[in-house]
Amino acid sequence: MASPDLFPNVSFSDVSAGAAPVADGATAAFGVDATSGGPRLSLVRAGKAEVEPTIEIDLSDAQVSTVISLNVIFGGVNRELRGSALRATLDSIFKLGPKEWLCVSDESEAKAGVDEYILNGFMLTPNSLRQKSFSRAVKVVLRTEAESKSFSLAFQRWKQRVISGKAGLSFSLLVSDNFSSACMTGELLENGSIIASRSKFDTKIEASSAKMYFHYYGQLLHQQNMLQDFVRTGTYYAAVMENRSDFEGRVVVDVGAGSGILSLFAAQAGARHVYAVEASEMAEHAQRLISGNPSLGQRITVIKGKVEEVELPEKADILISEPMGTLLVNERMLESYVIARDRLLAPNGKMFPTTGRIHMAPFSDEYLYVEMANKALFWQQHNFFGVDLTPLHGSAFQGYFSQPVVDAFDPRLLISPPTYHTLDFTSMKEEELYEIDIPLSFVASVGTRVHGLACWFDVLFNGSTVQRWLTTAPGSPTTHWYQLRCVLSQPLYVMAGQEITGRLHLVAHSSQSYTIYLTMSAKMWGVGAEQGGILQTSTGKLELKEPYYRLSQPQSYMTSQDQQQQQPQGSEQQMQEGLSPGITIDQVDQECGLH
Ligand code: SAH
């Protein structure tokens, strides 16, 4: 068992009494509780035995979350605190200033009545203003800022001991200068309450969506799915290891650490310290994985919380993250990545990945189109147990086409060289991700029916030594992101050399995804064209959060050798013949500039 961390010669002051008594030469000790074995912070006045602490903070039960600002009501006087602060429901510590901490011990009513340190009704959630609870709060002032930093690290270390025992890793630091003055004016915190305001994440994202989202990532099977994506994990590993100089001796923040794999990679590359920030319950598994790899783990601190909310003791030299969703932007985690840059990264710090690109090209896939249209055929029945279903056929048809299709397709289905739209994670504003408007312009390589727009993405690790791309392009080794296709319910007809124009408009919503508005147009040929060109336009509104995972189907990807060996028959043969050869894999690779 680790020996306790002691901080002697700190000074204490009671924030509940009018004239705060100050006890210098006291000791703050992080250790385990003799009875429960859980982690504890004991604050012991000089001259008293450690078994008789002045205040004891139960680190295992501490439930802490950071908020941007909060209001404190002391004896009916409302004080607004700026900066970030904590909303605490149980024992907690608050950072008040560079060397100052407020340690709050929540006492149940049964335990109340303990000496002069009771703060009546120090209630910290907006909904429990009149709850009967009592807290004791002691301000601790450490001798130096360096000691204060060790104090916060010791807090994190001891708190994480919880993980190997019972659940409940939860830690955030806070800075709130005004809070200290509010507390230290010596007013009674009688009937006090703290009304918490919400973080940027909470204001943008619906609570029910976030709950499901973090529940999903809290499960090991989903983390395993990502880890087993060899292209993904292997590319991250290579990008880190080939750029050791960007990690050696550096402070790293892993934004959305999940299992902690990228933190472990950063530690392998020689990082001085890695802060692994993870909001879901996966933080506890990450802590176990990291503790189980002690040579790396001793340089990693797991912090459970949202990157929008946690405060770290130091700025990062480099951020590492895997925030990419389907079509790059799904899940809206890129916004968290950009917020983490602004909150946690030192000026001119690096970001891995550095930039991302959404690639787009029109495609022709008669087979897919027919498959989707046929799904709605069910609603064409006039006598379904005596009921005419046809009134709903139109809605069902549109419903299927509102689902973007996720699968791996043959790049020969593309009928034009792709274009791309770049997102620079190091410079873009978070708000730029709320609405993404991409003008489209292509030239058809062949005459065919255009069934929609195919999309994929790549990201760049712009290392000091090696630039490495992680690509999800069709024809490249398949990843768990596959590719995404927006299928138009009304295909367009194009001739070789004809221009296809349009717009891909992505609008973010509070369910951590986007509504996709797609418009594609082509000039009509024949009589119309001779008369000045009549535009045929097709539009679609699709929901990125509700894709059609078309993965149980046999994959359409075939090598040309496979195709020669195949003997298509009947209608399938007609379908194949109707398909344009599209452009070749080589062309796609060249256009993407990817290797
Ligand atoms: N880095 C891991 C996991 C990537 S998945 C890996 O590469 O394998 C993204 C992770 O980020 C999920 O575990 C999710 O819970 C976490 N996450 C998403 N948004 C977050 C936020 N705002 N703050 C902290 N963690 C977040």
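Atoms within a ligand are numbered from 1 in the order they appear, just like the ligands themselves. These numbers come from the heavy atoms of this one structure, side chains and all, not from hydrogens, waters or symmetry mates.
Annotation for ligand 1: atoms under 4.0 Å from non-hydrogen atoms of Lys306 are 23 (N), 24 (C). Atoms of ligand 1 found under 4.0 Å from any heavy atom of Glu308, numbered from 1 in the order shown, are 21 (C), 22 (N). Every atom of ligand 1 with a heavy atom of Gln223 under 4.0 Å away is listed here by number and element: 3 (C), 13 (O). Interface of Met226 with ligand 1, defined as ligand atoms under 4.0 Å from a residue heavy atom, comprises 5 (S). Each of the atoms 23 (N), 24 (C) of ligand 1 lies under 4.0 Å from some heavy atom of Gly305. Ligand-side atoms of ligand 1 in range of Tyr217: 5 (S), 12 (C), 13 (O), 14 (C), 15 (O), range being under 4.0 angstrom from any heavy atom.
Scanning Met333, His285, Glu278 for the heavy atom closest to atom 14 (C) of ligand 1 points to Glu278. One option in Ser263, Ser199, Gly258, Gly256 has a heavy atom closer to atom 1 (N) of ligand 1 than any other, and that option is Gly256.
If you look at Glu331 next to ligand 1, there are no close heavy atoms at all, none under 4.0 Å. For Ser321, no heavy-atom contact with ligand 1 is shorter than 4.0 Å. The proximity of Met282 to ligand 1, defined as any non-hydrogen pair under 4.0 Å, does not occur for either the backbone or the side chain. Of all the heavy atoms of Ser336, the ones lying under 4.0 Å from any atom of ligand 1 belong exclusively to the side chain. If you look at Arg232 next to ligand 1, the close heavy atoms, those under 4.0 Å, all belong to the side chain.
Here the heavy atom of the protein found nearest to atom 17 (N) of ligand 1 is Phe214 CE2, 3.7 Å. In this structure, the protein non-hydrogen atom closest to atom 2 (C) of ligand 1 is Ala257 O, 3.3 Å. Atom 25 (N) of ligand 1 has its closest protein heavy atom at Ala279 N, 3.3 Å. Here the protein heavy atom with the shortest distance to atom 23 (N) of ligand 1 is Val307 N, 3.1 Å.
Here the options are Glu430, Glu309, Glu335, the test is salt bridge (charged side-chain N to carboxylate O under 4.0 Å, His left out), and the partner is Lys200; only Glu430 passes. The only option from Thr472, Thr326, Asp229 that meets the side-chain hydrogen bond (donor to acceptor under 3.5 Å, both in side chains) definition with His480 turns out to be Asp229. With Tyr514 as reference, Arg332 is the one residue of Arg332, Lys545, Glu331 to meet the side chain to side chain contact (heavy atoms under 4.5 Å, CB included) rule.
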### Task
Run the numbers on His285 and Glu278 for side chain to side chain donor-acceptor pair (under 3.5 Å), then give the verdict.
CA-CA 10 Å; His285 291 298; Glu278 170 59 42; over 6 Å; no

### Task
Verify side chain to side chain donor-acceptor pair (under 3.5 Å) between Ser513 and Asn330, making sure each step is shown before the conclusion.
CA-CA 5 Å; Ser513 190; Asn330 192 29; 2.7 Å; yes

### Task
Report the C-alpha separation of Asn462 and Thr354 in whole Å, then their side-chain angles, then the decisive distance to 0.1 Å, and conclude whether the side chain to side chain donor-acceptor pair (under 3.5 Å) test is met.
CA-CA 6 Å; Asn462 194 10; Thr354 322; 5.1 Å; no

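Proximity of the aromatic rings of Phe457 and Trp481 is defined here by a centroid distance below 6.0 angstrom, and this criterion is met.
Using modelled atom types and a 3.5 Å distance limit, the side chains of Ser199 and Glu308 yield no donor-acceptor pair.
A heavy-atom distance below 4.5 Å is found between the side chains of Pro353 and Phe425. With contacts defined as side-chain heavy-atom distances shorter than 4.5 Å, the pair Phe401/Cys486 does not qualify.
Residue contacts with ligand 1: Tyr213 is included, with a non-hydrogen atom under 4.0 Å away.
In this structure, Tyr217 and Tyr213 have perpendicular ring planes: the angle between them is above 60°, well past the 30° mark.
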